[in-house]
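Note that the structure is a prediction, hence the values are computed from the model and not measured.
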Amino acid sequence: MRRRAFFFDLDGTLSHNNGPVSPADREALSALREAGHLRILCTGRTRGYLYEPVLDLDFDGIVAGAGSHVTLGEELLYRRQVEPALRRRLAEAFLRLGQPCIFEGEREMLLLGMEGYAGFGWPVIRSLEDFDRLSEGVTIN
């Protein structure tokens, strides 16, 4: 038998509104693994926006952020980051225009002007000074 890779979208496919993956889908994913196939999560969400019930499915690989972060097992195959100077210019423009924006990263999210989402546990940025302080060392894809 040939080993194959199967790619699965998250939103609207394996899950709806950050909900759990159905028992039937969990069973199907297990059957693929038992048959020796690779199961790859392929999502527009960045790595930092994936949640535990999905990560607990122990995919063989993840294509996250529409391809900006790709892993196979524990190996990082590809990473495309937004350079700090560019993301600062973007933050400055969004803040100046009063437009909300989310900077999505590998481990966290930075919310610009999105006070209504403060309860999600990610920092809400209200000024360029906030952005400079809170984005230090953060990887944005």
Side-chain angles (χ1 to χ4, degrees), residues 2-141:
R2 293 177 67 184
R3 186 175 195 199
R4 298 179 187 267
F6 290 82
F7 293 80
F8 296 91
D9 183 35
L10 178 59
D11 296 303
T13 303
L14 289 178
S15 175
H16 299 280
N17 299 321
N18 291 340
V21 175
S22 75
D25 286 343
R26 286 178 176 278
E27 248 180 69
L29 289 167
S30 292
L32 284 172
R33 174 166 278 161
E34 288 170 15
H37 300 299
L38 295 174
R39 303 149 335 123
I40 313 288
L41 179 64
C42 186
T43 178
R45 289 182 182 220
T46 58
R47 184 69 178 76
Y49 195 27
L50 298 176
Y51 51 101
E52 287 308 314
V54 171
L55 295 172
D56 289 344
L57 293 171
D58 195 27
F59 284 95
D60 300 295
I62 297 175
V63 177
S68 65
H69 189 262
V70 180
T71 58
L72 186 59
E74 297 298 315
E75 183 181 358
L76 178 64
L77 300 178
Y78 181 79
R79 172 193 281 153
R80 176 71 175 175
Q81 299 174 21
V82 179
E83 297 300 322
L86 174 59
R87 65 187 199 194
R88 188 176 195 280
R89 287 196 326 258
L90 289 168
E92 183 177 30
F94 277 101
L95 288 166
R96 183 179 68 249
L97 295 170
Q99 294 296 312
C101 175
I102 300 175
F103 284 85
E104 298 186 26
E106 292 177 15
R107 290 180 295 285
E108 57 265 302
M109 313 281 266
L110 301 174
L111 310 177
L112 275 70
M114 299 183 70
E115 284 77 13
Y117 291 85
F120 283 84
W122 298 312
V124 176
I125 306 225
R126 295 174 180 87
S127 68
L128 201 52
E129 293 76 23
D130 281 351
F131 183 80
D132 290 340
R133 181 175 46 83
L134 295 169
S135 68
E136 184 68 33
V138 173
T139 301
I140 301 296
N141 297 104

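At a threshold of 4.5 Å between non-hydrogen side-chain atoms, the residues Leu10 and Arg45 count as touching. Within the 4.5 Å cutoff, side-chain heavy atoms of Leu90 are placed close to those of Phe103. Residues Glu115 and Arg126 form a side-chain contact, since some pair of their non-hydrogen atoms from C-beta on lies under 4.5 Å apart. Side-chain contact between Glu104 and Trp122 is absent, with no heavy atoms from C-beta onward closer than 4.5 Å. Leu14 places none of its side-chain heavy atoms less than 4.5 Å from the side chain of Val54. Using a 4.5 Å heavy-atom threshold, the side chains of Leu57 and Phe8 count as separate.
Residue Glu108 comes nearest to Thr139 through the heavy atom pair OE2-N, 4.2 Å, listed as atom of the first residue, atom of the second, then distance. When every heavy atom of Gly113 is checked against every heavy atom of Pro100, the shortest pair comes out as O-CB, 3.9 Å. In plain terms, the two heavy atoms of Met114 and Cys101 that are nearest each other are SD-O, 3.6 Å. Closest approach of Leu95 and Ile125 over heavy atoms only: CD2-O, 4.1 Å. Listed here is the closest heavy atom pair of Ala64 and Arg47: CB-N, 3.7 Å. Nearest heavy atom pair, residue Asp11 against residue Asp9, reads O-OD2, 3.1 Å.
Checking side-chain atoms of Tyr51 against main-chain N and O of Gly19 turns up a donor-acceptor pair under 3.5 Å. Remark: the backbone N or O of Gly105 is paired with a side-chain donor or acceptor of Thr46 at under 3.5 angstrom. Side chain of Arg87 to main chain of Ser135: a donor-acceptor pair is present (N/O by atom type, distance under 3.5 Å, no hydrogens or angles). In this structure, the side chain of Ser22 engages the main chain of Asp25 through a donor-acceptor pair within 3.5 Å. No donor-acceptor distance shorter than 3.5 angstrom exists from the side chain of Arg4 to the backbone of His37, with no hydrogens or angles considered.
Annotation: Arg80, atom CZ; neighbour count of heavy atoms from other residues, nucleotides and ligands within 6.0 Å does not exceed 12.
Tested against Leu41 for a side-chain contact (heavy atoms from CB on, under 4.5 Å), the candidates Leu55, Leu29, Leu50, Val63 yield a single pass: Leu50.
Here the CG atom belonging to Leu128 is positioned 13.5 Å from the CZ atom belonging to Phe94, to the nearest 0.5 angstrom. Distance CZ/Arg107 to CD1/Ile140: 10.0 Å, rounded to 0.5 Å. Atom CG of Leu112 is separated from atom CG of Leu134 by 10.0 Å, given to the nearest 0.5 angstrom.
Applying the side chain to side chain donor-acceptor pair (under 3.5 Å) definition to pairs two or more places apart or across chains, none involves residues 69-78. The stretch residues 48-68 participates, sequence neighbours left out, in these salt bridge (Lys or Arg N to Asp or Glu O under 4.0 Å) pairs: Arg33-Asp58, Arg33-Asp60, Arg39-Asp60.
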